[in-house]
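Working notes, beginning with the structure itself.
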Amino acid sequence: MTRTARDLLRTITGELAPDPRSNPLVPRIAAGEADREVLAVLALEQTRIIPADRRAFLQLAVRSTAEPEADAYFTALAEGEALARQRLPAFAAACGVDQARAAAHTPLPGCQAYPAYVAWLALNAAPADAVLAVTANFSAWGGYCATIAAALRTHYGFDDEACAFFDFFAGPAGELDRAAERAVQAALDAGRLDERRARAYGHLLQSYEALFWRTLERPA
């Protein structure tokens, strides 16, 4: 039986699901045990990650002009990052981050490794392989955001505006999932998908995601 894009996405997402022990910080936030300073650093790091990822996805879209399904997927991702960027200042402000502190912040290498690798994918990965890797990674990120959004309201007293950044990523992504499925299916049909490389890319993305959270837990 020919494997479908939906089956492949489900399989690889399951294979790349992170070990719960790889992210010790989100459970602490969920319990209200993380210091507010950790949340502030999270906001500061995201102010660099979101625009960087947006530019990387736009570059992948440009490189996908011969693959309209992948082009549509990465364009949608870039548009989503732009929307997320609009919601981030309210979270940063709730954490006590002002413009002066944001300007003075020195990015943490362990947090910025993830967007650096996304930028590498934008320059080097075949678009279809990147679609598969990125989609598998987003499943974990969305779950983390849902947990954080609930904890910010329950334990930290943040209002809806301050939580909107995490609500955005935690919300249903049905259309984006369908766009990913169309892009992967088109690549499968055309023989453009290298599953081995896509798995390797996805594994590295998940590893850098875990490094991001571990670094935040111990920023020094």
Side-chain angles (χ1 to χ4, degrees), residues 18 20 22-58 76-119 134-135 137-176 205-206 208-220:
S22 70
N23 184 344
L25 179 57
V26 168
R28 288 181 54 218
I29 296 174
E33 297 172 355
D35 191 89
R36 285 176 178 266
E37 176 61 16
V38 173
L39 300 178
V41 178
L42 170 58
L44 287 163
E45 294 296 322
Q46 287 296 331
T47 61
R48 293 177 178 266
I49 292 173
I50 295 297
D53 283 355
R54 176 179 176 272
R55 287 190 290 270
F57 294 143
L58 287 173
L77 283 183
E79 291 171 350
E81 297 293 327
L83 292 173
R85 189 177 186 180
Q86 295 172 9
R87 292 159 170 77
L88 186 54
F91 171 60
C95 295
V97 173
D98 57 18
Q99 290 184 348
R101 181 173 181 186
H105 177 68
T106 300
L108 300 174
C111 289
Q112 296 303 315
Y114 178 94
Y117 187 63
V118 174
V134 168
T135 302
N137 174 252
F138 277 175
S139 177
W141 167 246
Y144 294 151
C145 286
T147 298
I148 292 171
L152 292 178
R153 290 180 169 93
T154 302
H155 299 297
Y156 297 90
F158 284 24
D159 61 19
D160 289 344
E161 184 180 12
C163 297
F165 174 80
F166 298 100
D167 289 338
F168 175 76
F169 287 112
E175 183 51 43
L176 190 61
L205 279 175
Q206 294 290 47
Y208 289 133
E209 173 95 28
L211 177 61
F212 172 86
W213 295 107
R214 291 197 304 270
T215 300
L216 280 178
E217 188 183 33
R218 298 182 180 87

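Since this is a predicted model, take the numbers as computed values, not measurements.
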Could you note down all residue pairs passing salt bridge (charged side-chain N to carboxylate O under 4.0 Å, His left out) where residues 36-47 supplies at least one of them, sequence neighbours left out? Glu37-Arg101
For residues Ala162 and Phe91, report the shortest heavy-atom separation together with the two atoms involved. O-CB, 3.3 Å
Pairwise distance CZ(Phe138) to CG(Leu205) - rounded to 0.5 angstrom: 8.5 Å
Can you see which heavy atom on His155 is nearest to which on Ala30, and at what distance? NE2-O, 3.0 Å
Could you tell me which non-hydrogen atom of Val38 sits nearest to which non-hydrogen atom of Leu216, and how far apart they are? CG1-O, 4.0 Å
Over all heavy atoms of both residues, which pair between Leu42 and Phe166 is shortest? Give the atoms and the distance, please. CD2-CZ, 3.8 Å
What distance do Cys111 atom SG and Arg48 atom CZ have between them, rounded to the nearest 0.5 Å? 11.5 Å
Kindly say whether the aromatic ring centers of Tyr208 and Tyr117 come within a distance under 6.0 Å. yes
Apply side chain to side chain contact (heavy atoms under 4.5 Å, CB included) to residues Leu25 and Arg214 and explain how you reach the verdict. CA-CA 7 Å; Leu25 179 57; Arg214 291 197 304 270; over 6 Å; no
Looking at Ala56 and Val118, what are the two nearest heavy atoms and their distance? CB-CG1, 3.7 Å
Phe165 and Trp141 aromatic ring geometry - parallel, tilted or perpendicular at 30°/60° bounds: perpendicular
Does atom CD of Gln99 have more than 12 heavy-atom neighbours from other groups under 6.0 Å away? no
Taking side chain to side chain donor-acceptor pair (under 3.5 Å) as the definition, give me every residue that meets it alongside Trp213, ordered by chain and number, with sequence neighbours left out. Glu209
Test your reading of the model: is there a side-chain donor-acceptor pair from Ser22 to the backbone of Pro18, 3.5 Å cut-off? no
Electrostatic pair Arg153:Asp167 at N-O distance under 4.0 angstrom: yes
Check step by step if side chain to side chain contact (heavy atoms under 4.5 Å, CB included) holds for Phe212 and Asn23. CA-CA 9 Å; Phe212 172 86; Asn23 184 344; over 6 Å; no
Can you name the one residue among Asn137, Thr215, Asp53 that meets side chain to side chain donor-acceptor pair (under 3.5 Å) with Tyr114? Asn137
I'd like a table of donor-acceptor pairs (distance under 3.5 Å, sequence neighbours excluded) in which one partner is a side-chain atom from residues 77-87, with atom names and distances.
| residue | atom | partner | partner atom | Å |
| --- | --- | --- | --- | --- |
| Arg87 | NH1 | Leu83 | O | 2.9 |

Might you point out which heavy atoms bring Cys145 and Phe169 nearest each other, and give the distance in Å? SG-CB, 3.6 Å
Report yes if some heavy atom in the side chain of Val41 is under 4.5 Å from a heavy atom in the side chain of Leu108; otherwise report no. yes
Kindly say whether Thr135 contributes a backbone atom to a donor-acceptor pair with the side chain of Ser139 at under 3.5 angstrom? no
Expected output: side-chain Thr47 to main-chain Leu44 donor-acceptor under 3.5 Å: yes
